[in-house]
Amino acid sequence: MAKKKLKKKSKDISSVVWVKQTSQKEMAQPETSMFSIAAFALIVALCAVPLTAEISSATVTSGFLQYKLKVLKMDEAFLKVNNELDTDVMVSWVSEHCYQCLYQQLGVVPAASSPGHPSSIDVGVSTQHEITLKLKSTPVSQELCKVPFHFGEHGNYSLWMKNMNNLSVVNCSLVTVADPVNTYIPLITSIGRIILRLDAVKNILSRIGGSMETERLINSELGSPGRTVTLITDNMSPPTLSPSKRLRSLDTFRGISLVIMVFVNYGGGRYWFFRHESWNGLTVADLVFPWFVFIMGTSIALSINSLLRTGSTRCSLLMKVVWRSVQLFVIGVFIINPNYCQGPLSWNNLRIPGVLQRLAWSYLVVACLDLMVARGHLDILTMDSWWSPGLDILLYWPAWLCVLLLEGIWLSFTFLLPVPDCPTGYLGPGGIGDMGLYENCTGGAAGFIDRWLLGESHIYQAPSSRAIYATRMPYDPEGVLGSINSVFMAFLGLQAGKIILHYRDLPTSIMSRFLLWGLFLGVISAILTKCSTDRGFIPVNKNLWSLSYVTTLACFAFVLLVVIYYTVDVKKWWSGAPFYYPGMNSILIYVGHEVFEEYFPFRWPMANSQSHAEHLTQNLVATSCWVFISYVLYRKKIFWKI
């Protein structure tokens with residue numbers, strides 16, 4: 001019964017997320033009908049979810065599984081360690097995801113009271129990644145054995161330590177008593193249903209099957225999105241000169257980044273890959289913020305070019321850029337960062353860095369660079385010279401020089417700045433990493449600069465490095481030093497905008513240059529990281545916003561933009577829905593989801609807070625609500641422009 005209701009609920013949620021974009025003239029009544037259906041589906045989903053969660057928890061009523069669900073936490077398994085030896089045994093563990101880490105103690109198993117009567121202890125072990133158990137005799141501290149194993153969530157396991165015929169040899173064996181729960185089925189089902197309901201996927205599948213009806217829908221009903229509607233967006237992308245030339249792919253790209261960001265911020269079903277990586281490496285959560293910064297840079301190039309063509313002066317545009325940046329920064333500091341549930345706003349522990357603050361800084365620097373070199377009339381440039389293929393770079397060499405100087409500053413501070421009690425150029429997490437030698441060196445120079453410049457009480461207190469590396473130092477992933485590389489990310493997005501401007505009537509040239517940039521940045525990433533997670537010159541690291549992190553994510557962004565540009569603007573197989581709508585109101589959706597995170601229908605009391613399925617349901621409903629809200633705002637022509 002729980003599975004059936006979960007499927008029904010997922011179907012309802014998917015129907016809210018999938019909204020087909022059409023032209024106003026031809027699809028006015030169908031859109032009204034769609035609006036009603038979407039609203040009804042959302043209400044049904046909100047009413048059905050608590051009941052579904054209650055039923056799913058009630059179905060587990062007997063046996064050891066019921067005991068486990070009440071005792072074990074999420075991403076945890078039950079392990080009974082049995083000791084038949086005549087000496088006490090200390091059990092410790094380390095995650096294989098933790099690079100060069102110290103073992104952490106789980107417990108001590110007393111010696112067996114007599115032959116055939118083993119002693120035991122019960123412990124909970126992590127199931128997110130493979131772990132290695134190490135067993136050592138005490139007090140002699142002799143290593144007996146190591147057992148690497150990837151435990152399954154809510155599984156029941158037994159570890160036995162026995163003497164072999166040769167009493168000097170210890171046998172360690174791990175037995176599965178009860179199989180773990182497959183927590184990925186709800187996620188796969190939900191994602192599969194959402195993907196299959198996207199109009200782009202339907203169109204492609206129908207084209208493969210030779211459906212003429214899909215051709216009719218694309219050519220007659222969908223029309224040319226953006227041709228009949230004058231679009232207005234937020235401060236990141238002011239309206240272009242000609243609405244008919246507006247690229248829907250850019251708003252779709254921004255919307256994809258924003259929707260995933262909202263889903264991740266709400267919890268992502270509490271799956272580990274929807275959380276930020278503890279230190280080096282990438283998860284889904286680490287992709288979206290740089291992509292948002294990237295597409296912001298692309299929008300800057302297009303909007304400034306458009307405003308210059310209409311006769312706006314560079315001085316007036318500079319004043320607007322500064323004012324918008326100040327507004328974003330203030331909203332981030334005084335509206336997004338404070339936790340009002342813990343009491344009135346207090347300067348003593350107010351976090352200064354943040355997502356909107358970094359967006360404000362990146363926007364300010366990149367927009368100023370573009371105002372310095374931007375050309376309003378590109379149609380007067382000759383394309384016959386030998387150097388014309390490099391116009392989109394050579395014409396803006398002063399801005400490139402400034403960005404390269406900023407990168408030189410980042411490299412110098414990161415690898416040359418002396419940090420007290422830490423090795424110069426340290427890029428590690430501290431804590432139990434690097435065998436515990438640099439416990440208080442989290443982030444090296446980046447952490448030191450934030451603590452010195454902003455103060456420990458004004459930066460992020462619970463960094464993701466605490467999850468695996470057990471760090472104790474506060475560290476801010478949106479800190480001062482990393483903001484330099486966020487400027488570089490936005491500037492690479494600006495370069496994408498320059499390519500669009502210079503080759504605006506040549507889609508093939510735009511896509512080929514995007515792919516060349518993706519290849520170039522990918523090669524740089526491979527060199528910097530040595531194609532490894534932890535052993536490169538500069539590892540991919542979201543907390544540091546390392547140089548390799550920027551080049552890697554920019555590589556992905558160029559390739560993804562090619563795919564979206566081709567399907568949305570070139571072939572028009574996909575209208576961009578539903579991601580197009582939140583992409584048109586990005587700042588409003590981001591601020592709204594942060595402010596109203598704890599309110600119904602975005603959050604409600606759970607029947608089982610240790611269930612991935614229930615968290616996934618809640619987070620999908622919350623994200624779908626914001627997509628639905630953005631669709632309503634789009635229909636009402638309400639756009640928040642700072």
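Put simply, the side chain of V293 reaches to within 4.5 Å of the side chain of W545, judged on heavy atoms. Here the side chains of L547 and T414 are not in contact, with every heavy-atom distance at 4.5 Å or above. At a threshold of 4.5 Å between non-hydrogen side-chain atoms, the residues S325 and V321 count as touching. Between I335 and E594 there is no side-chain heavy-atom pair separated by less than 4.5 Å. The shortest distance between side-chain heavy atoms of R351 and I459 does not fall below 4.5 Å. Proximity of W291 to F556: side-chain heavy atoms (C-beta onward) are separated by under 4.5 Å at one or more points. Contact check for V550 versus W410: no side-chain heavy atoms found under the 4.5 Å cut-off. Counting only heavy atoms from C-beta outward, the side chains of C368 and L318 approach each other to under 4.5 Å.
For the pair A446 and Y475, the tightest heavy-atom approach, listed with the atom from each and the gap, is CB-OH, 3.7 Å. The two atoms that bring I300 and Y363 nearest to each other are CD1-CD1, 3.5 Å, heavy atoms only. Closest non-hydrogen pair, F537 versus L427, comes out as O-CD1, 4.0 Å. For the residue pair P582 and L258, the shortest heavy atom distance occurs at O-CD2, 3.5 Å. Across all their heavy atoms, S546 and N485 have their closest contact at C-ND2, 3.6 Å. D286 approaches G281 most closely through the heavy-atom pair OD2-O, 3.9 Å.
Here the CD atom belonging to Q357 is positioned 9.0 Å from the CG atom belonging to L359, to the nearest 0.5 angstrom. The line from CG of L411 to CG of L406 is 11.0 Å long, rounded to the nearest 0.5 Å. Rounded to the nearest 0.5 Å, atoms CG (N337) and CD1 (I331) are 12.0 Å apart. Distance check: F579 CZ to I260 CD1 gives 7.0 Å after rounding to the nearest 0.5 Å. Atom CG of L328 sits about 10.5 Å away from atom OG of S362, to the nearest 0.5 Å. Interatomic distance, H276 NE2 to L282 CG, rounded to the nearest 0.5 Å: 11.5 Å.
Proximity of a side-chain donor or acceptor of R275 to a complementary backbone N or O of V264 within less than 3.5 Å is not detected. In terms of modelled atom types and a separation under 3.5 Å, the side chain of R358 and the main chain of G479 share a donor-acceptor contact. With hydrogens and angles ignored, the 3.5 Å screen pairs no side-chain donor or acceptor of H502 with any backbone N or O of I499. With hydrogens and angles disregarded, a donor-acceptor distance shorter than 3.5 Å links the side chain of D476 to the backbone of Y460. Checking side-chain atoms of T529 against main-chain N and O of G536 turns up no donor-acceptor pair under 3.5 Å. No donor-acceptor pair under 3.5 Å is formed between the side chain of Y549 and the backbone N or O of N280. With hydrogens and angles disregarded, a donor-acceptor distance shorter than 3.5 Å links the side chain of S624 to the backbone of L620. R504 contributes a side-chain N or O that, together with a main-chain N or O of L501, makes up a donor-acceptor pair within less than 3.5 Å.
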task = Might you work through the side-chain contact (heavy atoms from CB on, under 4.5 Å) test for E478 and S486, ending with a clear yes or no?
result = CA-CA 9 Å; E478 277 78 50; S486 70; over 6 Å; no
Trace of the side chain to side chain donor-acceptor pair (under 3.5 Å) decision for N585 with S630 = CA-CA 7 Å; N585 243 327; S630 66; over 6 Å; no
request  = List the steps, then state whether side-chain contact (heavy atoms from CB on, under 4.5 Å) holds for F448 with L417.
outcome  = CA-CA 10 Å; F448 172 71; L417 180 69; 4.0 Å; yes
request  = Take V333 and L350, measure what side-chain contact (heavy atoms from CB on, under 4.5 Å) needs, and give me the verdict at the end.
outcome  = CA-CA 8 Å; V333 172; L350 180 65; 3.7 Å; yes
ask   = side chain to side chain donor-acceptor pair (under 3.5 Å) between W323 and Q327: does it pass, once the steps are laid out?
value = CA-CA 6 Å; W323 175 235; Q327 287 179 288; 3.3 Å; yes
request  = Start with the C-alpha distance between L506 and I510, add both sets of side-chain angles, then the distance that settles side-chain contact (heavy atoms from CB on, under 4.5 Å), and finish with yes or no.
outcome  = CA-CA 6 Å; L506 302 170; I510 291 175; 5.7 Å; no
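For H593 and Y590, the distance between ring centers is under 6.0 angstrom. Aromatic pair W400/F491: ring centres closer than 6.0 Å.
Applying the ring-ring contact (aromatic ring centres under 6.0 Å, His included) test between Y634 and each of W640, Y580, F628 identifies Y580 as the sole match. When the options D392, D370, T298, N305 are evaluated for a side-chain hydrogen bond (donor to acceptor under 3.5 Å, both in side chains) with K498, the one that passes is D370.
No side-chain donor-acceptor contact under 3.5 Å links S548 and S525. With hydrogens and angles left out, the side-chain atoms of T313 and S316 include a donor and acceptor closer than 3.5 Å.
Enclosure of atom CZ in F413 is not indicated, since only 12 or fewer non-hydrogen atoms of other residues, nucleotides or ligands lie within 6.0 angstrom. More than 12 heavy atoms of other residues, nucleotides or ligands sit less than 6.0 Å from atom CE of M372.
In this structure I629 satisfies the side-chain contact (heavy atoms from CB on, under 4.5 Å) test together with F602, W626, L633, sequence neighbours excluded.
Note that R248 lies outside the cation-pi zone of W574, set by a 6.0 Å cut-off to the ring centre and a 45° limit from the axis.
Ring-plane geometry between F558 and W517 is classed as parallel, the angle between the planes falling under 30 degrees on a 0 to 90 degree scale with a further cut at 60.
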